Amino acid sequence: MRLKITSLLATAALALSACGSSTDECLDATGQGGALAAAEAAAAAEACVPGTVADFVDNVGDRVFFDFDKSAVRADGLDTLQRQAAWLNTYGNYVVTINGHCDKRGTVEYNLALGERRANAAKEKLVAFGVDPARIKVVSYGKNHPIVEQDGSEWAYQQNRVAITVLD
Amino acid sequence: MLKKCVFTFLALLSLTLGAAAELRIDVTEGTFKPVPIAITPFDGGGDPALAKVAEDITQVVRNDLESCGLFKVVDPNAHIQSARDVMTHPRFPDWKILNAEALVGGLLKRNGSNFQVDFRLFDVFTESQLTGLSLGTEPENWRRVAHKIADEIYERITGDKGYFDTRIVYVAVSNPDSATNVKYRLAIMDQDGENHQYLSSGNTDVGTPRVSPCGTKVAYVDYGLHKKDLPSLRVFDLNSGRSESIGTVDGQRMSPRFSPNGDHIILSSSKGGATSLYKMDLGSKKLERLTSSTAAIDVSPCYNPEGTQLVYCSDRGGKPQIYVKPAGGGEGSRISFGQGAYYTPVWSPRGDLIAFTRQNGGTFYIGVMRPDGSGERMIDSGYLVEGPTWSPNGREVLYVCQDSSRGKKGLCSIDIVGFNKRKLNIPDQAHEVTW
């Protein structure tokens with residue numbers, strides 16, 4: 001099992017590095033992995049097609065994380081949003097919805113408002129980086145729709161304090 | 001508050017007995033001893049079908065009175081007189097020996113296709129009748145008749161309105177912690193958990209339900225298809241079983257709450273990172289903005305019973321706190337000053353207290369304070385306790401409760417003095433609740 005994971009990671013790294021150049025190289029790269037299941041290979045292949053949803057999610061990064069009870073975009077989030085804006089400015093055919101989420105340590109109603117504020121904070125940065133605001137919708141799910149299983153772990157809390165940019 | 005009328009008739013029964021200073025309890029102190037009450041098994045008059053109804057009614061009356069924490073039901077095995085005898089010639093000295101302070105008897109009889117229950121409540125020490133009623137109804141309403149009887153006993157002894165013949169609306173949730181199959185449904189049940197019924201299918205998510213003052217409508221938010229639709233504000237009519245959209249959505253609207261006279265709702269709407277309070281006329285659907293910060297979250301608005309003031313949660317000072325403002329306009333003043341954050345304020349139907357959720361460190365609290373912020377005290381705490389709603393008489397609060405991160409999200413109620421915490425029996429888990 002350990003061997004498989006190592007080879008999968010190596011393949012992903014290859015795929016990523018190859019992506020910028022051409023799809024063919026990507027397919028070659030996944031072929032070299034050997035241990036990848038067919039579906040994973042297909043997904044990895046798609047991630048290498050520039051301008052696709054998979055390309056955006058895997059290579060640009062669709063999510064921006066926040067600190068507890070905060071909606072200020074952190075430095076790491078700013079990098080992600082800068083990449084998102086550059087991508088969206090390249091592929092002008094997409095409109096997006098930014099979904100705001102919160103961890104479960106809060107009340108339903110305030111978290112709905114906080115999720116909206118987080119999603120809006122991400123939107124404002126995208127607009128500042130040149131994306132037309134008319135292309136961006138904002139929806140909050142508060143603590144109602146976890147992104148990962150809320151098992152009470154610190155990691156799960158962190159994963160659920162997020163604004164996710166979804167290509168429509 | 002949810003109530004509806006089913007009774008064909010209701011009459012006062014009287015029995016001439018001596019009058020004296022009567023049984024009365026006053027529950028304003030922290031320590032309180034429940035009143036021992038003997039509820040004799042109601043008599044079906046020799047009719048087998050009525051005997052079963054009589055037994056069921058007796059059980060519900062006992063459950064109601066014991067569940068509220070103000071009464072202690074005297075062991076029926078110790079009873080020394082039948083209900084039929086109690087109705088006509090209660091032997092008070094014998095009941096005194098059992099330490100019963102209150103005594104109840106009841107008789108059922110047929111009345112065409114309906115039935116009639118006569119019941120009497122006695123004060124054992126003064127040897128007097130406190131109340132007596134005759135209630136008639138269709139057989140399928142036996143449970144509501146039982147709640148009515150419990151309400152009458154409760155009111156006669158405590159001086160407060162009973163709340164047993166009421167219903168609760170809540171958001172039922174399946175798999176709340178799951179990332180893939182969480183499901184929200186609007187549900188309704190009697191206050192004791194009976195007659196549970198789902199009002200929505202779960203195809204779309206729903207949230208923040210509130211019942212209208214007359215108890216026939218529920219305002220709520222339908223979030224639409226997950227990741228497809230924008231939320232819409234809707235009103236569910238409990239009589240017709242139908243739901244209709246009110247107004248269009250511009251920004252994320254939530255927490256609708258009816259005004260005391262029911263002609264408009266107040267709500268929150270989020271746009272551009274700020275959440276403000278609005279008022280929507282239910283006739284014209286015209287929206288009027290009530291708070292105007294461009295950065296703050298103002299959420300969870302609730303009127304006082306007179307409709308002259310609003311209480312709400314705002315983080316305009318940094319952390320979420322509770323504010324009160326005049327309904328006619330003007331600035332809000334902060335009333336919460338303890339450590340941590342305060343959320344979901346709700347004004348008691350009596351007007352004297354505001355219940356809220358407080359979070360400090362890793363602990364949640366349900367608390368109450370007076371509308372000027374004084375007299376704050378916590379009445380429950382835990383891993384998660386949130387979103388209080390008042391019993392119609394302002395005596396209890398009901399809220400969502402969870403013991404641990406992996407624990408089930410249930411519904412708990414507690415007396416405002418902080419005793420008699422109970423967990424309701426519900427088929428799934430609970431996300432939000434309104435009484």
Side-chain angles (χ1 to χ4, degrees), chain A residues 62 66 68-73 96-125 127 133 136-154 156-157 159-160 162-168, chain B residues 171 173 175-180 182 184 205-208 221 223-224 226-231 251-255 268-276 295-301 313-315 319-320 341-344 356-357 359 362 364 383-384 386-387 400 402 404-406 409 431-432:
Chain A
D62 62 343
F66 295 86
F68 175 67
D69 199 20
K70 294 283 187 294
S71 52
V73 175
V96 300
T97 303
I98 306 180
N99 296 331
H101 294 269
C102 303
D103 69 46
K104 64 183 196 175
R105 289 178 297 186
T107 53
V108 173
E109 292 170 44
Y110 181 78
N111 274 2
L112 280 167
L114 180 63
E116 198 270 351
R117 192 148 76 182
R118 284 176 174 164
N120 196 71
K123 174 184 172 174
E124 278 178 0
K125 297 297 178 199
V127 171
I136 310 170
K137 266 194 309 188
V138 157
V139 176
S140 174
Y141 293 100
K143 68 171 183 176
N144 298 2
H145 268 280
I147 296 308
V148 302
E149 169 84 13
Q150 298 189 103
D151 58 7
S153 68
E154 198 46 52
Y157 285 136
Q159 293 297 307
N160 285 316
V162 65
I164 305 184
T165 305
V166 179
L167 301 178
D168 291 332
Chain B
V171 175
V173 56
N175 311 306
D177 290 335
S178 165
T180 48
V182 52
Y184 295 97
D205 295 348
V206 293
T208 64
V221 174
Y223 299 105
H226 186 41
K227 294 188 177 166
K228 269 196 115 61
D229 300 331
L230 287 170
Q252 176 136 357
R253 289 182 190 176
M254 58 188 169
S255 0
S268 308
S269 183
S270 306
K271 214 183 167 185
T275 300
S276 302
I297 289 174
D298 296 337
V299 75
S300 309
C313 164
S314 174
D315 72 352
K319 271 193 169 182
Y342 292 74
Y343 309 89
T344 68
F356 53 83
T357 309
Q359 186 184 11
F364 281 80
Y383 171 78
L384 177 73
E386 90 167 275
V400 171
Q402 187 182 16
S404 65
S405 173
R406 309 296 284 178
K409 289 173 76 180
H431 191 60
E432 295 169 275

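A note on names: the letters A, B, ... follow the listed sequences, proteins ahead of strands, and every chain is numbered from 1. Because the structure is a prediction, the values reported are computed rather than measured.
In this view, A/Glu124 satisfies the salt bridge (Lys or Arg N to Asp or Glu O under 4.0 Å) rule with no residue, not counting sequence neighbours. By the side chain to side chain contact (heavy atoms under 4.5 Å, CB included) test, B/Ala296 is found to be paired with B/Ser293, B/Asp298, B/Ser314, B/Asp315, B/Arg316, residues two or more places apart in sequence or in another chain being considered.
A/Glu116 has no carboxylate O lying under 4.0 Å from a charged side-chain N of B/Arg253, or vice versa, which leaves the two without a salt bridge.
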Candidate pair B/Arg406 and A/Glu149, rule salt bridge (Lys or Arg N to Asp or Glu O under 4.0 Å), full reasoning: CA-CA 11 Å; B/Arg406 309 296 284 178; A/Glu149 169 84 13; 3.4 Å; yes
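B/Ser300 touches chain A through backbone and side chain together, each having a heavy atom under 4.5 Å away. Contact of B/Ile297 with chain A is made through backbone and side chain together, with heavy-atom distances under 4.5 Å. Interface remark: B/Ser255 contributes backbone and side-chain atoms alike to the contact with chain A (heavy atom separation under 4.5 Å). Proximity to chain B (any heavy atom under 4.5 Å) is shown, for A/Asp151, by both the backbone and the side chain. For B/Ala341, no part lies under 4.5 angstrom from a heavy atom of chain A.
Across all their heavy atoms, A/Tyr110 and B/Val299 have their closest contact at CA-CG1, 4.3 Å. When all heavy atoms of B/Phe364 and A/Gly106 are compared, the closest pair comes out as CZ-N, 3.6 Å. When every heavy atom of B/Ala179 is checked against every heavy atom of A/Ile147, the shortest pair comes out as CB-O, 3.2 Å. Closest non-hydrogen pair, B/Ser405 versus A/Gly152, comes out as OG-CA, 3.2 Å.
Here the side chains of B/Ser270 and A/Val138 are not in contact, with every heavy-atom distance at 4.5 Å or above.
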